[in-house]
Asks: 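Take this structure first; my questions come after.
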Amino acid sequence: QAQLVESGGGLVHAGGSLRLSCAASGRIFSNYAMGWFRHAPGKEREFVAGITRSGGSTNYADSVKGRFTISRDNGKNTVYLQMNSLKPEDTAVYHCAAGAYLTRLITGPEYWGQGTQVTVSS
């Protein structure tokens with residue numbers, strides 16, 4: 001069964017940093033592009049960042065470009081989201097996701113994790 005498990009969320013002051021991790025089952029990780037979405041209260045879920053299977057290409061939402069970095073460790077079946085210069089508007093539940101390829105991930109992932117809460121205080 002497909003499984004994505006996030007960790008690393010928490011409470012941080014504005015300007016601080018957090019690193020999210022997502023551990024995926026081997027079957028998913030080796031065959032799928034991986035990414036992160038977020039869902040804030042009262043807002044629609046939005047794409048944050050994605051990375052291809054090889055890790056050779058990435059894509060970011062304009063709102064996080066220059067502040068967030070997505071990476072993957074294929075040996076550990078784990079994808080990361082390094083978040084720097086955090087802002088209160090980054091507060092949301094962050095979900096890990098997997099899709100057959102990067103454009104498919106962005107428009108409609110095939111697998112989702114349960115999510116981890118990120119709260120940024122002003």
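In what follows, every heavy atom counts, from backbone to side chain, and hydrogens, waters and symmetry copies are set aside.
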Asks: Linking I/L/V/M/F/W/Y whenever their side-chain heavy atoms sit closer than 4.5 Å, directly or via other members, would V79 and Y111 fall into one cluster?
Replies: yes

Asks: Supply the atom-to-atom distance L20 CG to R38 CZ, rounded to the nearest 0.5 angstrom.
Replies: 11.0 Å

Asks: Does any part of the side chain of K76, heavy atoms only, come nearer than 4.5 Å to the side chain of S21, both counted from C-beta?
Replies: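 A side-chain contact is absent here, since even the closest heavy-atom pair is not under 4.5 Å.
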
Asks: Say you draw a straight line from CD of Q82 to CD1 of I70; how long is it, rounded to the nearest 0.5 Å?
Replies: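 CD1 of I70 is found 12.0 Å from CD of Q82.
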
Asks: What residues form a ring-ring contact (aromatic ring centres under 6.0 Å, His included) with F37, not counting sequence neighbours?
Replies: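 Checked F37 against ring-ring contact (aromatic ring centres under 6.0 Å, His included); matches are F47, W112.
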
Asks: For the side chain to side chain contact (heavy atoms under 4.5 Å, CB included) test, which of V48, V64, L18 pairs with L81?
Replies: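 Of the listed residues V48, V64, L18, the side chain to side chain contact (heavy atoms under 4.5 Å, CB included) partner of L81 is V48.
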
Asks: Determine the minimum heavy-atom distance between A49 and Y60, stating which atoms define it.
Replies: CB-CD2, 3.6 Å

Asks: Using the rule that Ile, Leu, Val, Met, Phe, Trp and Tyr join whenever any side-chain heavy atoms are under 4.5 Å apart, tell me whether M83 and V12 fall into a single cluster.
Replies: yes

Asks: Give, for atom OG1 of T69 and atom CZ of R19, the distance between the pair rounded to the nearest 0.5 Å.
Replies: 11.5 Å

Asks: Are side-chain heavy atoms of T91 and Q117 found at a separation under 4.5 Å?
Replies: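 SC-SC contact between T91 and Q117 confirmed.
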
Asks: Are the side chains of E6 and Y94 in contact, using a 4.5 Å heavy-atom criterion?
Replies: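 No; the side chains remain at least 4.5 Å from each other.
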
Asks: Any side-chain heavy-atom pair from W36 and C22 closer than 4.5 angstrom?
Replies: yes

Asks: Do R72 side-chain atoms and T52 backbone N/O form a donor-acceptor pair below 3.5 Å?
Replies: yes

Asks: More than 12 foreign heavy atoms under 6.0 Å from CD of E89: is that the case here?
Replies: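 Yes.
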
Asks: When you measure from the side chain of H95 to the backbone N and O of G113, does any donor-acceptor pair fall under 3.5 Å?
Replies: yes

Asks: Could you measure the distance from the CZ atom of R53 to the CE atom of M34? Nearest 0.5 Å is fine.
Replies: 12.5 Å

Asks: Between NZ of K87 and OG of S122, what distance do you get to the nearest 0.5 Å?
Replies: 14.0 Å

Asks: Is any side-chain heavy atom of D90 less than 4.5 Å from a side-chain heavy atom of R67?
Replies: yes

Asks: What is the distance from atom CG of N74 to atom OG of S30, rounded to the nearest 0.5 Å?
Replies: 8.5 Å

Asks: Mind listing the closest non-hydrogen atom pair of L4 and A24 along with its distance?
Replies: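 Looks like CD2-CB, 3.4 Å.
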
